[in-house]
2 protein chains.
Amino acid sequence: MPSSPSNQSYHHGSLRAALLSHAMELLDTKGIEGVSIRAVARLAGVAHSAPANHFPNKRSLMSALAARIFNQLENEVLAQMETTSGQRAERVMAFAEAVVAFALTYPHRYRLLWRRESLIDHDAELHSAMEAVYALLIGTIEGEDDEFTTSLETRAIAIWSMVHGYLIMRLDGNLMEKTDELTQAPRHRAIITALLEGIGGGPSGARRDC
Amino acid sequence: MPSSPSNQSYHHGSLRAALLSHAMELLDTKGIEGVSIRAVARLAGVAHSAPANHFPNKRSLMSALAARIFNQLENEVLAQMETTSGQRAERVMAFAEAVVAFALTYPHRYRLLWRRESLIDHDAELHSAMEAVYALLIGTIEGEDDEFTTSLETRAIAIWSMVHGYLIMRLDGNLMEKTDELTQAPRHRAIITALLEGIGGGPSGARRDC
DNA sequence: CTGCTAATATTGACGCTGTCAATTTACGCC
DNA sequence: GGCGTAAATTGACAGCGTCAATATTAGCAG
């Protein structure tokens with residue numbers, strides 16, 4: 001009966017799913033370095049070498065984990081964007097809001113997404129899971145006539161880069177600690193605003209919130 | 001004679017500097033995971049436990065390495081910015097240009113700078129080395145009257161985030177491969193341009209280069 | 001110049017890791 | 001019912017970071 005995970009038979013039945021689940025648990029509690037094949041196997045109650053049947057090496061396990069995390073992120077972004085059907089700026093802000101919220105809630109999961117040394121270089125499943133999130137981002141800025149200096153794709157990468165760069169530094173506490181302790185959470189809103197309005201041309205508004 | 005590294009005496013003389021040098025060499029050739037205390041000691045020709053006298057643990061070694069890398073980056077940025085004494089946009093571009101060039105030349109060094117799990121949380125030397133680069137960035141955008149929607153600090157973090165986010169994804173090959181193979185290197189110029197001109201308000205120029 | 005102390009390097013051990021090989025178990029299909 | 005094969009087990013290996021005990025030497029006090 002493959003549907004019973006706690007089966008005490010020799011064969012686990014659904015070990016692959018159980019391994020991923022325990023790996024996620026370890027990732028959340030102990031961080032990326034805390035995820036080891038042997039520890040995961042221990043949690044699943046199987047021998048240290050049992051995972052080898054489902055994941056040929058550690059990177060394979062971590063890649064499957066990362067793909068699952070990208071899928072979660074996609075769902076979070078989708079949910080957040082359903083609450084907003086407004087203008088381009090609001091849609092971009094909703095995207096950023098969802099990613100920031102996810103990363104701050106599950107910092108280690110978010111970090112793993114970019115830990116390329118721990119992942120398989122061109123894993124198909126992982127790649128398509130990431131592309132799905134990227135497609136959502138494209139959806140936030142396309143549709144209207146594009147007469148910007150930069151292309152649609154460049155602007156998408158710009159948004160993605162900024163959100164990601166901000167998060168990595170915030171999660172690590174670099175540069176941010178002294179600033180965010182004062183202004184609290186919505187700093188990322190100001191960051192996105194800076195991107196939307198530009199920082200090189202001159203004043204484009206009166207209100208300053210951060 | 002502490003100035004002779006290849007001294008065959010029992011005491012190395014300048015082991016700490018030699019260890020850092022060999023660690024940098026390993027970092028460049030084998031990546032972050034390739035830097036191990038024992039491998040570094042092997043390269044230096046000392047016992048596997050000799051580094052413990054100079055670095056209490058691995059994070060201490062990696063932090064010293066990262067601080068040295070930040071210092072190198074600071075010099076690169078300084079050199080690049082001396083070639084440009086132009087407007088704000090050109091200074092920002094020069095900063096980005098220097099960081100991008102450094103990261104593409106020494107990808108593993110750049111990656112280590114943000115590998116917080118491998119570094120000491122609040123190492124003083126590392127922190128001040130990073131702040132020095134941050135101060136250069138502040139210098140690129142301050143001076144003129146600030147009447148932007150966002151604060152000076154927010155705009156600095158925005159630039160830094162965008163450059164960093166772009167680089168991490170480009171080094172990893174995420175999202176970038178299919179785009180950069182077409183447009184080649186100067187994609188990051190377009191990214192910075194997007195930030196300078198803004199992406200939310202509407203067209204602000206006619207020329208489109210990427 | 002002698003002697004002592006503290007710094008530095010060595011050896012050895014421990015538990016942990018990822019990975020491989022050989023073996024045992026049991027499911028499912030003919 | 002037997003059998004092939006997938007799945008799990010045990011055991012081993014080298015490499016890792018770290019600690020403890022030991023050996024060597026540099027530098028300074030007298």
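Computed from a predicted model, the values in this text were never measured in an experiment. Computed from heavy atoms alone, side chains included, the values below leave out hydrogens, waters and symmetry copies. Numbers restart at 1 for each chain; the letters A, B, ... are given by sequence-line order, proteins then strands.
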Q: Are the aromatic rings of A:Y106 and A:F102 close, with centres under 6.0 Å apart?
A: yes
Q: Which residue pairs pass the salt bridge (Lys or Arg N to Asp or Glu O under 4.0 Å) test when at least one of the two sits in residues 60-77 of chain A, sequence neighbours left out?
A: none
Q: Looking only at heavy atoms, which two atoms of A:A194 and B:R155 are closest? And how far apart?
A: CB-CG, 4.5 Å
Q: Are the aromatic rings of A:Y134 and A:H127 close, with centres under 6.0 Å apart?
A: no
Q: Give every residue pair that meets the side-chain hydrogen bond (donor to acceptor under 3.5 Å, both in side chains) criterion with at least one member in residues 16-30 of chain B, sequence neighbours excluded.
A: B:H22-B:E25, B:D28-B:R109
Q: Could you state the CG-P distance from A:L19 to C:dG18, rounded to the nearest angstrom?
A: 13 Å
Q: Under 4.0 Å from OP1 or OP2 of D:dC16: is there any side-chain N or O of B:R42 that close?
A: yes
Q: Can you check nucleotides 19-21 of chain C for protein contacts, nitrogen or oxygen pairs under 3.5 Å, and list what you find?
A:
from   : atom 1 : to    : atom 2 : distance (Å)
C:dT19 : OP2    : A:K58 : N      : 2.9
C:dT19 : O4     : A:R38 : NH1    : 3.2
C:dC20 : N4     : A:S49 : OG     : 2.8

Q: Write down the distance between CG (B:L15) and P (D:dT24), rounded to a whole number of angstrom.
A: 19 Å
Q: Nearest to the A:S36 side chain among D:dT9, D:dC16, C:dT17, which nucleotide is it?
A: C:dT17
Q: Roughly, in whole Å, what's the span from CZ in A:R16 to P in D:dA6?
A: 16 Å
Q: Under 3.5 Å, is there an N or O donor on one side and an acceptor on the other linking the side chain of B:N53 and the base of C:dA9?
A: yes
Q: Distance check needed: C:dA9 C1' versus B:F55 CZ, whole Å only.
A: 15 Å
Q: At their closest point, which heavy atom of A:Y110 faces which heavy atom of A:L171, and how far apart are they?
A: CD2-CD1, 4.0 Å
